[in-house]
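The next block holds one structure in the form of structure tokens; read it before the comments.
Here the structure is a predicted model, which means the values were calculated and not measured. Values below: all heavy atoms of this structure, side chains included; hydrogens, waters and symmetry mates excluded.
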Amino acid sequence: NAPSSTAIDLGTGRTAVAVSAGYHHTCAILDNGDLKCWGLDGSGQLGDGGSNTNTYTPSSTAIDLGTGRTAVAVSAGSYHTCAILDNGDLKCWGLDDSGQLGDGGSNTDTNAPSPTAIDLGTGRTAVAVSADWHRTCAILDNGDLKCWGLDDFGQLGDGGSNTYTNAPSSTAIDLGTGRTA
């Protein structure tokens, strides 16, 4: 199949500067820093705060990332989405059956970004994020790497108990002496 000859309508005069395709949904950061997602929304991964209704086109309204906040990076997982904001905060929303939202909470799905950013450690911010089926990993501003979520085969890299964590560890993954991500 060839790409459609019709561009995705991101809004009048808007263009995409970054895109991430998840399992059944897609997200784009626009040239003004707005973030929009579309596709399957069964677990809230579109972040629109609505009733988890699938959409076939981007919403006319951007995801509410907080007053004055814009997105600089996005990663669409299978059923959750994470975004790094212009101030380095990291927020995730959608399915939270294995702690992949990193909010330290009760593994409750959310259909919009939390007003509170993920606690990456005192003074730490995110510079890169990657979300998959049941996990999220972030590289921090100091080069530390932290992962959270399902750890059934040791994917979190923490040498732990192969269960799950619902928040980033206070200790970064050991990449070796003097090594950073």
Heavy-atom distance under 4.5 Å between the side chains of [X] and [Y], does that happen here?
X: C37; Y: T26; value: no
X: P113; Y: D64; value: no
X: R135; Y: Q100; value: no
X: C27; Y: V74; value: yes

W38/Y56 aromatic ring centres below 6.0 Å: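 Between Y56 and W38, which both carry aromatic rings, the centre distance is not below 6.0 Å.
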
Of all heavy-atom pairs between [X] and [Y], which one has the smallest distance, and what is that distance?
X: L46; Y: G39; value: CD1-O, 3.5 Å
X: P168; Y: K146; value: CB-CD, 4.1 Å
X: G42; Y: N52; value: O-ND2, 3.6 Å
X: D109; Y: S43; value: CB-O, 3.9 Å
X: A138; Y: L90; value: CB-CD2, 4.0 Å

Ion pair check, D86 and R69, cut-off under 4.0 Å: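 Between R69 and D86 there is a salt bridge, with a charged N closer than 4.0 Å to a carboxylate O.
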
Y164 reachable from W133 in the ILVMFWY side-chain graph, under 4.5 Å edges: no

Single-linkage hydrophobic cluster, 4.5 Å side-chain cutoff, I29 and L85 together: yes

N166 (side chain) donor-acceptor with G105 (main chain) under 3.5 angstrom: yes

Main-chain N/O of A76 paired with S20 side-chain donor or acceptor, under 3.5 Å: yes

H134 and its side chain to side chain donor-acceptor pair (under 3.5 Å) partner, picked from D96, D97, D152: D97

Qualifying residues under side chain to side chain contact (heavy atoms under 4.5 Å, CB included), relative to S169, sequence neighbours excluded: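 With neighbours one apart ignored, the set is T171.
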
Sequence-distant partners of A16, side chain to side chain contact (heavy atoms under 4.5 Å, CB included), two or more places apart: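 Partners of A16 under the side chain to side chain contact (heavy atoms under 4.5 Å, CB included) test: L10, A28.
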
Inter-residue atom distance D41.CG - N54.CG, 0.5 Å rounding: 6.5 Å

Separation of N111 CG from D48 CG (nearest 0.5 Å): 7.0 Å

Summary of side-chain hydrogen bond (donor to acceptor under 3.5 Å, both in side chains) pairs that have at least one residue in residues 74-84, sequence neighbours excluded: H25-T81, H80-T136

Identified side chain to side chain contact (heavy atoms under 4.5 Å, CB included) partner of L156 from the options L150, I173, T165: T165

